[in-house]
Amino acid sequence: MGSNFEIILLGTGGGRFTTITQKRCTAGIRIIGSSLNLHLDPGPGALVHSVNEDLDPQKLNAVFVSHCHPDHYTDAEVLIEAMAHGATKKRGVLVAARSVLHGSKAGFDRVISTYHQQMPEQVIEALPNTSFKIDDVEVTVTETKHSDPDAVGFRFGTTEFGDFAYTSDTEYFEGIGRHYAGVRLLLLCVMRPAGKPWKGHMTTNDAVRIVEQAHPELAVLTHLGMQMIFQGPAKEAKLVEEKTGVHTIAAVDGMRISFGKIINVQTKDVTTKEQGLTKFF
Ligand SMILES: [Zn+2]
Ligand SMILES: [Zn+2]
């Protein structure tokens, strides 16, 4: 039997004001499998929090960047340098949205320089509805509807334990649920609480609809904006759970999800009610 995937939520904040205030960290998500070591959406603080959590960035073999907003990309270049062992050798794979690699007519310049794009062994342009393999994980690129029109989400298919996925920033749209149907674990970027919609982003109400359609074993609300944080993410998670019957939790910084035959969630934040080890299944 293979080893579990460890999904470490180094950052659970999203949006400008959460980022500026660091009310929640914006360091992205580290995903570690038996040989996979991936940093997903390394926003501001990704390097510092990796090092502080003893997650050596030189062990990375994949960096994923979903779109051109700073809370998703700012530390990407320095993590690419780490992945390439101080740029001493071509190493690892960079997976990034088209705008991240090339810029776009929507007003975004490339956010990873050409110089840094030469450091990984492989660069994959993440186009919606394409898939590719990284180690033994089948990655499928999912669609979004966001202010960076090239923004994408990711679905990770493991051979042994089924799928988990990350929506990235998106508003609800017809058909979004099909991208996540059958995943066991769904990480949703829920910037806004119920009743406070904002174009291009997800509210708790939208999360309800997506979770209803995908019906995972566990849904995790993350990438929390300021209004969401003030509203109380745990309350919002409860709302999703009540409406969908799917076990739903609000992410906290440093939360570790062990994804295997069983999904375990461990939090170290003593201020949260979700403290301690929770077992699912
Ligand atoms: Zn964001
Ligand atoms: Zn965004």
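Start at 1 and go down the list; that is how both ligands and their atoms are numbered.
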Checklist entry - Can you give me the ND1-the Zn ion (ligand 2)-OD2 angle for H69 and D169, to 10°? => result 170°
Checklist entry - Measuring from N4:CG to I257:CD1, what's the distance to the nearest 0.5 Å? => result 12.5 Å
Next on the checklist: Measuring only between side-chain heavy atoms, which start at C-beta, is W198 closer than 4.5 Å to T203?
Outcome noted: no
Next on the checklist: Just checking E242: does its CD atom have more than 12 heavy atoms from other residues, nucleotides or ligands closer to it than 6.0 angstrom?
Outcome noted: yes
Next on the checklist: Restricting to N/O/S atoms, is H201 within less than 2.8 Å of the Zn ion (ligand 2) or not?
Outcome noted: no
Checklist outcome for this item: In F5, F164, F259, F161, the residue satisfying ring-ring contact (aromatic ring centres under 6.0 Å, His included) with F156 is F164
Item to check | Of all N/O/S atoms in D71, the name of the one nearest the Zn ion (ligand 1) | outcome: OD2
Checklist entry - With a cut-off of 2.8 Å, does any N, O or S atom of H67 fall short of it relative to the Zn ion (ligand 2)? => result yes
